[in-house]
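For reference, the structure is listed below as structure tokens.
What you are looking at is a predicted structure, and each value in this text was computed from that prediction instead of being measured. Each chain gets a letter, A, B and so on, in the order its sequence line appears, and its residues count up from 1.
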Amino acid sequence: MNITIILIIIGLLGISAYYTGLRKSLTLREDKLLHSTPIYHGAILAINSSLASILLVIVWVLFEKNIFPELLAFRNILFIISIFIFFLTAFFTFKKIKNKFKARDKVEKIIELFLLVCSSLAILITVGIFLSVIFESNRFFESIPLTEFLFGTHWSPQMPIREDQAGSTGAFGAVPLFTGTFLIAFIAMCIAGPIGLMSAIFLSEYASKSVRDIVKPLTEILAGIPTVVYGFFAVIVVAPFIRNTGNYFGIEVASESALAAGLVMGVMIIPFVSSISDDVINAVPQNLKNGSLGVGATKSETIKLVIIPAALPGIIGGLLLAVSRAIGETMIVVMAAGMSANLTANPFEAVTTVTVQIVVLLVGDQEFDSPKTLAAFALGLVLFIMTLILNYIALHIVRKYREQYE
Amino acid sequence: MNNDDLIKETEFQINNSETVGNIHVEDPRIIVKNINVRYGEKLAINNVSIDIGKNEVLAMIGPSGCGKSTFLRCLNRMNDTIESCVVDGELYLDNENILDEKTDVVPLRAKVGMVFQKPNPFPKSIYENVAYGPKIHGLAKNKIELDEIVFNSLEKAGLFNEVKDRLDAPGTSLSGGQQQRLCIARTIAVSPEVILMDEPCSALDPIATAKVEELIYELKENFTIVIVTHAMQQAARVSQRTAYFHLGNLVEVGPTQKIFTTPQHKLTESYITGRFG
């Protein structure tokens, strides 16, 4: 018998249990005051009995899948037992429904538990992802030493297919990838930091309400553009432009350059920086601004000497969040930054980033036991830890800042 | 008289009365002529005229929303910061109409300082809080002069002895009463002529309030002070003249003692005796 059908039947029974409980409680109410309103009595009856039988079904299915596949033949028995359990719990709960029965407290408790489960889910999933990445990375570090991975300066992730193959021993030094990542993130922040901050200052302090109402949604549209589209923009418009301009000044610019990717990524995170800074600047109390204006400071003096210093921790927190986004960004760099792992600080050369290499390593056919594929997990792990630390610091700073004004 | 009658009576009197008492003084520092303030459509101040004398403390009392704070904010054009607020009329400080478009608000606000309802020290050190104004106005040529201004202002605000050992501590680390006196020191530091105070004690406990009131009493030697207050005893204690506002109208002005003992206007009397407010 199909599990879905069993669950549907339990659900229908649950609904009828609800009305049974409700009716009994309504009759009880005619004589004496109830501790809980009738809907709680109905709810507790429905929840108790369906939960009991659903739990049974789940346990049964787990056993059947993992331990005793033979149980598959006894699905009909499962159906009968679960219905039996349903009526058994329903019967006992039904008997409990009296005027003094604290159904409300029980239902509240169940709701609380349900919410707790939902909120721990996100945490559990994060831990799960982390563990699975660690597990795979560990296999990578069995063949390539950790020190070589972290400090090696040469990246060329090939593995020889035959033992005697010439010149194809792979190199897994991740340093060029991280320098590339940071170079691009740095260029992006050079664009997004100042522009985002200035636009936030304009929006929160200078713009009239009507201007703000138009400009703010428009900047936020920037945040909604898919990163692939930014990638097109980088490849088709920005990269050739930089190349032509560079040639004009006699500078050699690669057709895929760190500069092009960084610039476009910067544009992508402008709304991110500006919206966080805008919130933080708005959170500076009007009172403080008045204090400064009240001793005869001009608007720009007030912004420079009072508002920005007061908002600085929050702004820094916002910038750090933006950095961690820039580091994790993939699509723009895949399209615009190139694939070659150059160890360079020259923004006109092609570089590659951690995310690009992960994509490269995992695209196409692969075996999941060669270091070439497993390297992707090691890279992912380091990236994950880095952004985790950045986010932690950023959120910590932002929270600290909030406390100051509450 | 029941409440409805009182309200009707009040409205009648408001619409049909001119300011009672004497709005003029002998040696005025500020002359206000026919000021109207609107927030959008709403009229917040209706045709108010009053003189404010040299070295006097003028208290403004009245029920919440009567426009006394709005009026106070006209005196240093702080209403400019509110987008929908429109002020018309004439307001002379040293024979200059400060409501004129051409008036530069920066020196005006240095001349007419303001202390706010909630203590609002900047998130900087105690020293930097007081030095803020002198620095932006370039009042000190060097560090020694700046020190002198800061110490003097803290001294005048009666705070110096309490904070002299920890001038580098953040201003926000002080108690509420000390913070408010720090804000007064910050205002004094740019040597204003007039100090506006918008319910300066409403967030303070009675002991801190007593200290600030004492300070106001001393400050009147050197400054003209306009104070908005909800506490009538406070007005009686610190001021020489009292102005009673009601629904945007200036109902009565007079020597404080007279207002509190023999008010001429019925509304003033009702407010002072606690019939509303």
Could you tell me whether the side chain of A/Leu288 reaches within less than 4.5 Å of the side chain of B/Pro123, counting heavy atoms only?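 Answer yes - side chains close enough.
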Are A/Asn290 and B/Arg73 close enough that some pair of their side-chain heavy atoms sits under 4.5 Å apart? yes
- Query: Looking at B/Pro119, B/Ala110, B/Pro107, B/Gly113, which makes the most heavy-atom pairs under 4.5 Å with chain A?
  - Reply: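 Heavy-atom pairs under 4.5 Å are most numerous for B/Ala110.
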With chain A, the option among B/Thr81, B/Val190, B/Ile136 that has the most non-hydrogen atom pairs under 4.5 Å is B/Ile136
Would you mind checking which part of [X] comes under 4.5 Å of any heavy atom in chain A, side chain (CB onward), backbone (N, CA, C, O), both or neither?
| X | answer |
| --- | --- |
| B/Arg77 | neither |
| B/Phe116 | side chain |
| B/Val115 | neither |

Exceeds 12 heavy-atom contacts within 6.0 angstrom, atom [atom1] of [X]:
| X | atom1 | value |
| --- | --- | --- |
| B/Glu148 | CD | no |
| B/Ile144 | CD1 | no |
| A/Phe186 | CZ | no |
| A/Leu218 | CG | yes |
| A/Tyr206 | OH | yes |
| A/Lys289 | NZ | yes |

Is a side-chain N or O of [X] found less than 3.5 angstrom from the main chain of [Y], in a donor-acceptor match?
| X | Y | result |
| --- | --- | --- |
| B/His137 | A/Val295 | yes |
| B/Lys124 | A/Leu305 | yes |
| A/Asn287 | B/Asn120 | no |

To the nearest 0.5 Å, atom CD of A/Glu301 lies from atom OH of B/Tyr132 at 6.5 Å
Taking atom CD of B/Glu83 and atom OG of A/Ser210, what is their separation to the nearest 0.5 Å?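 B/Glu83 CD to A/Ser210 OG: 7.5 Å, rounded to 0.5 Å.
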